[in-house]
Structure formats: structure tokens, C-alpha cells
Amino acid sequence: MPELPEVQTVVSDLNRKIKGDVITDFWSEWPKAINGKSLDAFKKEIKGRKVLEARRIGKNIFIDLSGGKTLYIHLKMTGHLLIKQKAESNGYFSDRVNQYIRHIFHIGKDKTMEFSDMRKFGKIVLDDTEKISELKEVKKLGIDAMSAEFTFRKFNEILDRKQKAVIGILLMDQETISGIGNIYRSEVLYDADISPKRKAADLSLDDRKRLYDSIRRILKLAIKLRGTSDSDYRDTSGAPGGFQKVMKVYKQQGKKCGKCGGTIEREKMGQRSVFFCPGCQA
DNA sequence: AGTTGTGTTGAAGA
DNA sequence: ATCTTCAACACAAC
């Protein structure tokens, strides 16, 4: 489940591994993932373009290419990108989760970028850079949770604007703040000692400050640990991240809370599971 | 062996 | 406007 830290890891890897390289060919067994044009047209349009820079907003990946084009990729739930070099032996690539290769970008002389996506929810769009920014799903994205613009002041304004919103749901709303998904909303709220059920309007100034600090701290730590590989997510080498080793509440229901000794609970919020400690999180 | 849980997002329904 | 539910799809666990 690639959320902001996982996508950040991928984007950093791409800039390290394929920046400056030319895309020479493309193959797909699931052209339905390609939005807006046929497989043939896509192939023609991408061939020969150089990778200038990878970047992201929230969980959305943008790979800027030469000639004013941008490749927009959303990994959705089970997607991840693998960069392989020919004749390279890497034990990770044979893992089950890395076997669902739906699309292959041939890059340079001897590299590929392979899109593994078990559930085929992933999305690929290629268009003019400006047109990609104008896509409705891109345009409506809220402020990125790790961007410099996402200050406490801004966060406080959002909470004032969304008075009635339940905080556990609001944190995951990509149109408000982009980047936080189901894993990190639970971890962040636990870190801040705030119940997911609280309403935005009911959070005191002190609560808000703790929550903001927790968002930044947890995401930063998760980026440092190269994301969470609870199930499907892998980095571009096919290797798992490390955040699952330090997870405190996500999927920890029934276990003891490290802070108060109480029991971690799981509940449905929306139709997703939220995890929390009823003792610590008031 | 059928049912359920898994989570991101968009669309449809209320 | 805003909330809820479902559908996209595949597989593991029960």
C-alpha cells in the first residue's frame, strides 16, 4: 500500500537509477491501465524520450520526459516499480510480490522499469506536462503532507475549515492533505495520542500542534526506513521497507500498548480498519 | 470451497 | 454539498 513514504522512496530511486536515460520501448499485458490512448499510440509517443526528473505529489508519481511530456503513474494498492539491469542477479526479484509484471519500460541499453501490480488497479497516463497537471485527479489533490508549504499554520487553517470532519477520515482525504493512507493515519494519531473519532473542531491548539508534529515525524521516519512492506509494497530493487518493524498500532490489535499497557483495538471507519489504543488516545 | 478481508480511488446513489 | 456504498481486481486466509 504505497503511501507518501513508499512513493518518495520510489521517486528517489528513479532519480538515482534512470535519470538521463532514454526510454527505448514499452510492453504491456494490461493496456487497460493506460489512460487516454491506445497501447500503440502510447508506445510511439514514449519511445525515444529521455527521463529528466521524477517527482511526486502525495501518492502520485510524475516522470518528466524530454519534449515536454510527463508520464503520470499511480500505484494504487499493489503497484510497485522495479528497475532491473540486464545480467543482474537480485534475490528479491524472485519474490512472489514481484511477479505480477503488467508493463515493461525498456530503458537505455540494458535496463527495464517493470510495473508489478497484482490487482491491476495501477494507472498510467502520458501527455503534455501541462495537461497532466490539469488532469482532474491531479488538480484536486490537496497539499502534500511533506511539502514545505504544509506548515502548522496551514494545517490549523484546514482544521478550522473542516470543523465537522472526523480526524481519522480527514487525514486520509487526498483532496485535503495528500499522502497519508490507512497505515500512517493510525500511526500518526497514536503518536499524537489523539482518537481517530475526534472531530476537527474539538481539537485544542495543543492537540493540533502534537498532531502536526506527529504527521511530519512519522512520515519522515518512514521515508528514512524506506516505507512499509506490510504486504505487497517493495522498492525499485524489489526489497521490502523497514517501517513495519516499528509500527505501533497498525494491524497490532489485541497486542499491548507500549505506552499504557492497554490493548490495541481495531474498528471500522468508513469501510477501512483503523487501529488505536483506547487508553492513550482520548 | 465459498466467504471475507485487504486499501486507493472514482463513480454512483442518497 | 456531503456522506455512504460499491466497483475496479486478485489473492490469502479462514
Side-chain angles (χ1 to χ4, degrees), chain A residues 1-11 28-36 56-62 72-81 95-103 115-125 132 134-142 144-145 158-189 196-197 199-201 219 222 227-234 240-241 243-244 247 249-254 264-276:
Chain A
M1 290 108 285
E3 302 179 30
L4 188 152
E6 292 75 35
V7 173
Q8 179 60 51
T9 302
V10 169
V11 164
S28 179
E29 69 153 29
W30 187 248
K32 261 179 84 173
I34 300 164
N35 238 266
R56 62 152 198 89
I57 303 173
K59 311 171 189 175
N60 301 259
I61 300 172
F62 304 91
Y72 165 51
I73 294 177
H74 199 300
L75 302 172
K76 296 290 177 91
M77 290 181 57
T78 58
H80 52 277
L81 299 174
D95 285 358
R96 183 193 54 81
V97 293
N98 295 328
Q99 298 310 300
Y100 304 93
I101 308 295
R102 311 298 183 192
H103 322 279
F115 193 156
S116 176
D117 185 18
M118 186 179 79
R119 289 176 69 175
K120 297 179 173 173
F121 288 175
K123 181 160 74 172
I124 300 174
V125 188
I132 293 290
E134 290 302 309
L135 286 175
K136 65 177 189 313
E137 64 266 41
V138 173
K139 209 169 178 184
K140 69 185 185 185
L141 285 172
D144 183 274
I158 288 168
L159 295 177
D160 284 340
R161 186 153 45 84
K162 302 274 183 179
Q163 302 265 359
K164 287 191 287 184
V166 175
I167 194 65
I169 292 172
L170 182 64
L171 286 181
M172 286 213 297
D173 177 7
Q174 304 303 300
E175 298 178 30
T176 306
I177 300 167
S178 61
I180 301 172
N182 207 29
I183 296 174
Y184 297 108
R185 67 118 169 231
S186 286
E187 293 297 322
V188 161
L189 286 164
K197 298 171 195 168
K199 296 272 175 64
L219 292 180
T228 301
S229 294
D230 166 58
S231 57
D232 297 89
Y233 170 75
R234 295 295 185 272
F243 189 81
Q244 67 281 2
M247 278 190 318
V249 287
Y250 182 76
K251 289 198 178 167
Q252 306 297 307
Q253 71 274 18
I264 305 300
E265 288 186 9
R266 171 176 126 175
E267 260 182 49
K268 283 283 177 190
M269 176 173 272
Q271 60 255 52
R272 315 197 178 143
S273 295
V274 66
F275 303 84
F276 60 98

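Chain naming here is simple, since letters A, B, ... match the order of the sequence lines and numbering starts at 1 in each. Values below: every heavy atom of this structure, side chains too, minus hydrogens, waters and symmetry copies.
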Distance between the P atoms of B:dG5 and C:dT5, in whole angstroms? 15 Å
Sticking with atom P, work out how far C:dC9 lies from B:dA1, rounded to a whole angstrom. 26 Å
Find the distance [X]:[atom1] to [N]:[atom2] and express it as a whole number of Å.
X	N	atom1	atom2	value
A:Leu4	B:dT8	CG	P	13 Å
A:Tyr250	B:dG5	OH	C1'	11 Å
A:Arg161	C:dT2	CZ	C1'	15 Å
A:Lys140	C:dA1	NZ	P	13 Å
A:His80	B:dT8	NE2	P	16 Å
A:Glu175	B:dT8	CD	P	15 Å
A:Lys162	C:dT2	NZ	P	7 Å
A:Asp230	B:dT6	CG	C1'	9 Å

Could you pick out which residue, A:Pro2 or A:Lys136, lies toward the 5' side of DNA chain B when each is mapped onto its nearest nucleotide? A:Pro2
Please name the pair of heavy atoms, one in [X] and one in [Y], separated by the smallest distance, quoted to 0.1 Å.
X	Y	value
A:Ser231	A:Val97	O-CG1, 3.9 Å
A:Ile73	A:Phe115	CG2-CE1, 3.7 Å
A:Ser178	A:Ile57	OG-CG2, 4.0 Å

Heavy-atom side-chain contact between A:Glu3 and A:Tyr233 under 4.5 Å: no
Heavy-atom side-chain proximity of A:Lys199 to A:Val166 below 4.5 angstrom: yes
Using a heavy-atom cut-off of 4.0 Å across all strands, would you classify [X] as base, sugar-phosphate, or nothing?
X	result
A:Arg185	nothing
A:Lys268	sugar-phosphate
A:Tyr233	nothing

Does A:Lys76 pair with A:Asp117 as a salt bridge, N-O distance under 4.0 Å? no
Within the side chain of A:Gln252, is there an N or O that forms a donor-acceptor pair under 3.5 Å with the backbone of A:Tyr250? yes
Would a distance-only check, ignoring hydrogens and angles, find a side-chain to backbone donor-acceptor pair under 3.5 Å from A:Glu187 to A:Arg185? no
Any chance the side chains of A:Glu6 and A:Tyr184 put a donor and an acceptor closer than 3.5 Å? yes
Can you confirm whether more than 12 heavy atoms, excluding those of A:Lys268, are under 6.0 Å from its NZ atom? yes
Summarise protein proximity over nucleotides 3-13 of chain C in one line of letters, 5' to 3': B for base, S for sugar-phosphate only, - for none, counting protein heavy atoms closer than 4.0 Å. --BB-BBBSS-
Nearest-nucleotide pick for A:Ser273, side chain only, options being B:dG10, B:dT6, B:dT8: B:dT6
If you only use heavy atoms from C-beta on, which nucleotide in B:dT8, B:dT6, B:dA11 is closest to the side chain of A:Met172? B:dT8
Those stems involving DNA chain C that have three or more consecutive Watson-Crick or G-U pairs, both distances under 3.5 Å, are B:2-6 with C:10-14, B:8-14 with C:2-8
